[in-house]
Amino acid sequence: MLTEKMEKAINGQINAELYSAYLYLAMAAWFQEQDLPGFAGWMRIQVQEEQFHAMKMFDHVLERGGRTDLGAIDAPPGDWKSPLDVFKATLEHEQKVTGLINDLVYLARDERDNATEIFLQWFVKEQVEEEDTASGILGQLKLVEGSPQALFLMDRELGQRVFTPPAAGEGGA
Ligand SMILES: [Fe+2]
Ligand SMILES: [Fe+2]
């Protein structure tokens with residue numbers, strides 16, 4: 001069984017993951033408006049990943065005999081100054097989520113909940129990837145600043161991204 005504290009915290013994380021999906025959905029719309037369909041497509045995949053994260057948390061609560069408590073999801077911002085600005089916000093957001101995941105790990109330790117601590121390790125690794133990817137794209141955007149041609153090529157490249165849900169076992173679901 002999940003302790004009450006742990007249950008509340010994971011429910012909070014379900015909300016945070018769904019907020020992430022919502023944020024990236026807003027970014028997908030923004031990129032679409034800027035005629036950057038590749039960036040928009042990349043963000044749409046990001047939405048799917050965040051929904052996947054939320055579902056993993058949701059399943060964990062249910063598997064452990066907990067109760068889900070689904071609260072309202074905040075509205076995301078809808079406007080950014082530039083693609084660079086979007087990816088700055090993306091990296092900052094992912095860094096914030098990493099902090100939330102770490103706090104969950106510390107709580108699981110305090111609550112002596114080994115199963116949840118092990119479950120969370122997948123998210124710890126996932127956040128390393130999320131931050132690395134966001135900072136990689138941010139770095140490229142800094143390089144191409146002022147060059148529409150380079151941005152166009154980047155848009156094409158990012159449009160290649162596909163969603164691949166982790167295999168069972170690997171996902172720890
Ligand atoms: Fe996530
Ligand atoms: Fe994320």
Side-chain angles (χ1 to χ4, degrees), residues 2 6-32 36 38-64 66 68-78 80 83-108 115-141 154 157-173:
L2 290 171
M6 199 72 246
E7 182 184 276
K8 192 164 186 274
I10 300 175
N11 272 304
Q13 193 61 32
I14 293 173
N15 191 282
E17 298 295 342
L18 289 174
Y19 174 77
S20 300
Y22 224 26
L23 174 66
Y24 295 133
L25 191 62
M27 289 172 170
W30 186 85
F31 276 122
Q32 197 70 47
L36 290 166
F39 278 92
W42 191 94
M43 282 296 173
R44 279 172 183 257
I45 304 290
Q46 197 68 6
V47 171
Q48 285 182 277
E49 287 211 350
E50 299 302 350
Q51 286 170 336
F52 182 82
H53 297 165
M55 291 312 293
K56 270 178 90 72
M57 292 281 176
F58 177 84
D59 287 338
H60 184 71
V61 173
L62 295 180
E63 273 171 25
R64 300 291 309 286
T68 54
D69 180 17
L70 304 175
I73 302 162
D74 288 341
W80 291 272
L84 188 76
D85 192 31
V86 176
F87 272 88
K88 268 186 194 159
T90 298
L91 180 59
E92 273 169 28
H93 180 69
E94 289 300 336
Q95 286 165 339
K96 199 180 114 193
V97 173
T98 300
L100 295 176
I101 298 290
N102 285 335
D103 286 345
L104 286 175
V105 173
Y106 305 140
L107 180 65
T116 297
E117 194 184 333
I118 291 167
F119 164 76
L120 289 168
Q121 296 311 306
W122 184 86
F123 285 89
V124 172
K125 283 191 272 175
E126 177 73 359
Q127 282 311 117
V128 173
E129 239 180 75
E130 292 271 80
E131 284 191 38
D132 184 51
T133 309
S135 84
I137 296 173
L138 180 61
Q140 284 185 16
L141 282 168
M154 232 186 124
E157 193 196 309
L158 290 180
Q160 307 293 310
R161 187 184 188 193
V162 288
F163 178 63
T164 39
E170 187 194 335

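Because the structure is a prediction, the values reported are computed rather than measured. Atoms within a ligand are numbered from 1 in the order they appear, just like the ligands themselves.
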Asker: Is there a donor-acceptor contact under 3.5 Å from the side chain of Gln121 to the main chain of Glu117?
Answerer: yes
Asker: Which of these passes side chain to side chain contact (heavy atoms under 4.5 Å, CB included) with Glu126: Glu49, Glu94, Lys56?
Answerer: Glu49
Asker: Phe31 and ring-ring contact (aromatic ring centres under 6.0 Å, His included): which single residue from Trp42, Trp80, Phe39 fits?
Answerer: Phe39
Asker: For the pair Asn15 (side chain) and Leu70 (backbone), establish whether a donor and an acceptor sit closer than 3.5 Å, ignoring hydrogens and angles.
Answerer: no
Asker: At distances under 2.8 Å, what protein N, O or S atoms surround the Fe ion (ligand 2)?
Answerer: Glu50 OE2, Glu94 OE1, Glu94 OE2, Glu130 OE2
Asker: To the nearest 0.5 Å, how far apart are CG in Leu25 and CZ in Arg44?
Answerer: 7.5 Å
Asker: Parallel under 30°, tilted from 30 to 60°, perpendicular over 60°: which one fits the rings of Phe119 and His60?
Answerer: parallel
